[in-house]
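Heads up, the thing below is written out as C-alpha cells.
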Amino acid sequence: MASMLMCFLIFFGATLAAGFSDTQPKPVPGLSYTFYKSTCPELEWIIRTYLKKEFKKDIGLAAGLLRLHFHDCFVQGCDASVLLDGSASGPSEQDAPPNLTLRPAAFKAINDLRALIDKMCGVVVSCADVVAVAARDSVALTGGPHYKVPLGRRDGLTFATVNVTLADLPPPTSNVSFLINTLNKINLTVADLVTLSGGHTIGLAHCTSFTNRLYPTQDTNMDKTFAKNLKLTCPAANTTNSTVNDIRTPNTFDNKYYVNLVNKEGLFTSDQGLFSDFRTKALVALFASNKILFFEHFALSMVKMGQISVLTGSQGEIRTNCSARNSGSGLWSVVEDLLEQLLEFPCRPQSCTHWIPIHQVKSSSSSNLEHALHLSRFG
Ligand code: HEM
Ligand SMILES: *[C@@H]1O[C@H](CO)[C@@H](O)[C@H](O)[C@H]1NC(C)=O
Ligand SMILES: *[C@@H]1O[C@H](CO)[C@@H](O)[C@H](O)[C@H]1NC(C)=O
Ligand SMILES: *[C@@H]1O[C@H](CO)[C@@H](O)[C@H](O)[C@H]1NC(C)=O
Ligand SMILES: *[C@@H]1O[C@H](CO)[C@@H](O)[C@H](O)[C@H]1NC(C)=O
Ligand SMILES: *[C@@H]1O[C@H](CO)[C@@H](O)[C@H](O)[C@H]1NC(C)=O
Ligand SMILES: *[C@@H]1O[C@H](CO)[C@@H](O)[C@H](O)[C@H]1NC(C)=O
Ligand SMILES: CC(=O)N[C@H]1CO[C@H](CO)[C@@H](O)[C@@H]1O
C-alpha cells in the first residue's frame, strides 16, 4: 500500500514537472516568447549579466524590481507607466502614496539597462519588457524558479492618476475578500492571489505598512514573540524604520513566506489573512510544505500578471527614455503605422524594426559597465 502511494506520488510529481517544463502558457495576442530573437538576441543575456553584478552590491534591488513589475501591471496594465516621471502630465504612479516606497535603485536599474540594450540593439525593446525580464531575473537570481516571459509589450503614453493608482493597488490592511475582489477585476484568481503574495518572500516593509496590527491593540492572529520584536523595530505607529518581509530567509526566494504564515509570522493583514480565510488557507498550507509546487504556480501566475492589459503592435510606443514619453507623444508610432500602410504588407513590429536603426544612430561613448559586459562576454 505504502509503495503504491509512493508510485502514485512519483508519477504525479513527474507528470507535473514534465507538464511544467514542456508547456509554456500561450501568450496573449501580440506577445511571443521569441519576440526579440532577430532584433535583439542579446536582450536576456544583457539583463541577466547586469543584474548578477548589481545584486552582488545590493540584493535588495531584486525585491525592488519584482515589486516594480507588480505595481506596473496592477495599475492600467504592464505598460511601464510606473516609470514615468511626474513632470509631463500630472502626478505619476511613482508619486502616488502606495508607490512612494518603490526603490529608486530599481528605477535607476531599468534606465541603466535600457542604455546598455540600446547600445547593442538600437531602440527596439520596450521599457515594459525590460521591467518584466528584470522581475523574472530577480526571482531566478535570488533562488526562485526560472521561467520564460512573453515579450513584445509596448510602453504606455498616459499616466495613471493618483486616484486610479490607489484604487488598483490594494493596501496591506486589506482583508481576503477585498483582495479577491481586487484581483478578480483584472482576471486573477484566488490561487493567483495566494501564489503572487509569495513575492513577499524577499524585500522590506516599512513600519507604517503593518503597525495597524500592533497599535493600539495587538492583532491576536500574530505570534506573540514576533509581535514583541516588531514593536522593538517599530516603537510607535509612525516610526520610519523598516523590517524584512520574510523573517526566516529574508533574501532568498523560497516558500518560507508560507511557513511564516502557518506560524502566525506574516507581516501584513493581507498576508496573514491568507491563512485564516477558508478560500486560501489550504493553498498556503500546501505551498508551505511544497516548494516545487509553489515555484511552478509562481511562474505561471507571474506570466499571467505580466500580460495584464498589455499594449501590443503599434499601440503606445517604444520609449527612448523610460522615465519620459517620447517627445512628440506618440508621433513615432504614428509614423510606424503610416509606413506599414504605405508598404501595404502585414508588418509585425519585429519585422519592421529595420526602420529604426536609421533614425537611432548611437554615439559610441562607452561606459565602464558596458566595457565590463563586453569583457566578460568576449574576453
Ligand atoms: C496582494 C496584494 C499585495 C499587497 C497588499 C502588497 C503590499 C506590500 C507592501 C505594503 C509592501 C511594503 C512597502 C513598504 O512598506 O515599503 C510590499 C513590499 C513588497 N511587495 Fe507586495 N503587496 C502585494 C502583492 C505583491 C505582489 C503580487 C508582488 C510580486 C509578485 C509583491 C512583491 C513585493 C516585494 C518584492 C516587496 C518588497 C519591496 C522592497 O523591498 O523594495 N507584492 N508589498
Ligand atoms: C480623488 O479622490 C479624492 C478622494 O476620494 C477626491 O476628493 C478627488 O476629487 C479625486 N480626484 C480626482 C481627480 O478624481
Ligand atoms: C473587508 O474589507 C472591506 C473593505 O475594507 C469591508 O467593506 C468588508 O466589510 C471587510 N470584510 C470582512 C469580512 O471583514
Ligand atoms: C478580463 O477578461 C475579460 C473577459 O475575457 C476581458 O474582457 C477583460 O478585458 C479582461 N480584463 C483584464 C484587465 O485583462
Ligand atoms: C527604530 O526607530 C526608533 C526611533 O523611532 C529607534 O529608536 C530604534 O532604534 C529603531 N529600531 C531599529 C531596529 O532600527
Ligand atoms: C510620532 O508621533 C509622536 C506622538 O504622536 C510624535 O511625538 C513624533 O514626533 C512622531 N514621529 C514622527 C517621525 O512623525
Ligand atoms: C529621462 O527623462 C527624465 C524625466 O524627464 C529626465 O529627468 C532625464 O534626464 C532623462 N534622461 C536622459 C538620459 O535623457
Ligand atoms: C504614505 C506616504 O508617504 N504618502 C506620500 C506619497 O506621496 C505623496 C506625493 O509625493 C505624498 O503627499 C504622500 O504623503
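As the structure is a computational prediction, the values presented were derived from the model and not from experiment. Start at 1 and go down the list; that is how both ligands and their atoms are numbered. Hydrogens, waters and symmetry mates play no part in the numbers below; they use all other heavy atoms, side chains included. Positions are given from 1 along the sequence.
- Taking 4.0 Å as the cut-off, Ser174 does not count as a neighbour of ligand 1 on heavy-atom distance.
- Within ligand 1, the atoms closer than 4.0 Å to a non-hydrogen atom of Arg103 are 39 (C), 40 (O), 41 (O), numbered from 1 in the order shown.
- Here is the list of ligand 1 atoms found below 4.0 Å of a heavy atom in Gly203: 37 (C), 40 (O).
- Checked by atom type and distance alone, the side chain of Arg154 never pairs as donor or acceptor with a backbone atom of Ser126 at under 3.5 Å.
- Distances from atom 27 (C) of ligand 1 to the heavy atoms of Phe70, Phe74, Phe298 show the closest one on Phe70.
- In this structure, the side chain of Glu317 engages the main chain of Asn326 through a donor-acceptor pair within 3.5 Å.
- Atoms of ligand 1 lying under 4.0 Å from at least one heavy atom of Pro171, given by number and element, are 5 (C).
- The list of disulfide (SG to SG under 2.5 Å) pairs with a residue in residues 236-265, not counting sequence neighbours, is empty.
- The residue from Asn263, Leu261, Leu267 that alone fulfils the side chain to side chain contact (heavy atoms under 4.5 Å, CB included) condition with Glu265 is Asn263.
- At least one side-chain heavy atom of Arg114 sits less than 4.5 Å from a side-chain heavy atom of Cys127.
- The shortest N or O to N or O distance between Asn321 and ligand 7 is under 3.5 Å.
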- Check against side chain to side chain contact (heavy atoms under 4.5 Å, CB included), Val133 and Arg48: CA-CA 9 Å; Val133 176; Arg48 183 65 65 106; over 6 Å; no
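- Polar contact with ligand 1: present for Ser209 (N/O pair, distance under 3.5 Å).
- The atoms of ligand 1 that sit less than 4.0 Å from any heavy atom of Asn245 are 18 (C), 19 (C), 36 (C), 37 (C).
- With Arg325 contributing its side chain and Leu157 its backbone, the two residues share a donor-acceptor pair below 3.5 Å.
- Under the ring-ring contact (aromatic ring centres under 6.0 Å, His included) criterion, Phe294 pairs with Phe253, Tyr258, Phe287, Phe298, not counting sequence neighbours.
- Residue contacts with ligand 1: Ser270 is included, with a non-hydrogen atom under 4.0 Å away.
- Each of the following atoms of ligand 7 lies closer than 4.0 Å to a heavy atom of Ala324: 2 (O), 5 (O).
- At least one side-chain heavy atom of Ser138 sits under 4.5 Å from a side-chain heavy atom of Phe55.
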- Message: Apply side chain to side chain contact (heavy atoms under 4.5 Å, CB included) to residues Leu43 and Ile47 and explain how you reach the verdict.
- Response: CA-CA 6 Å; Leu43 175 65; Ile47 295 178; 3.8 Å; yes
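- Phe70 is linked by a ring-ring contact (aromatic ring centres under 6.0 Å, His included) to Phe74, counting only residues two or more places apart in sequence or in another chain.
- Atoms of ligand 1 found under 4.0 Å from any heavy atom of Gly199 (numbered from 1 in listed order, with element): 35 (C).
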Please tabulate, line by line, the atom pairs linking an N/O of ligand 3 to a protein N/O at a distance below 3.5 Å, with the distance in Å to 0.1, or answer 'none'.
| from | atom 1 | to | atom 2 | distance (Å) |
| --- | --- | --- | --- | --- |
| ligand 3 | 2 (O) | Asn175 | OD1 | 3.3 |
| ligand 3 | 2 (O) | Asn175 | ND2 | 2.3 |
| ligand 3 | 11 (N) | Asn175 | ND2 | 2.8 |
| ligand 3 | 14 (O) | Asn175 | ND2 | 3.3 |

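- The backbone and the side chain of Leu196 each have at least one atom closer than 4.0 Å to an atom of ligand 1 (non-hydrogen atoms only).
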- Item | Worked check of side chain to side chain contact (heavy atoms under 4.5 Å, CB included) between Ser197 and Tyr257 | CA-CA 9 Å; Ser197 296; Tyr257 164 81; 3.5 Å; yes
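- With distances taken over non-hydrogen atoms, the option nearest atom 42 (N) of ligand 1 out of His200, Arg67, Met305, His206 is His200.
- Of all the atoms in ligand 1, the ones that sit under 4.0 Å from a non-hydrogen atom of Pro170 are 2 (C), 5 (C).
- In this structure, Asp129 contributes its side chain and Arg153 its backbone to a donor-acceptor pair below 3.5 Å.
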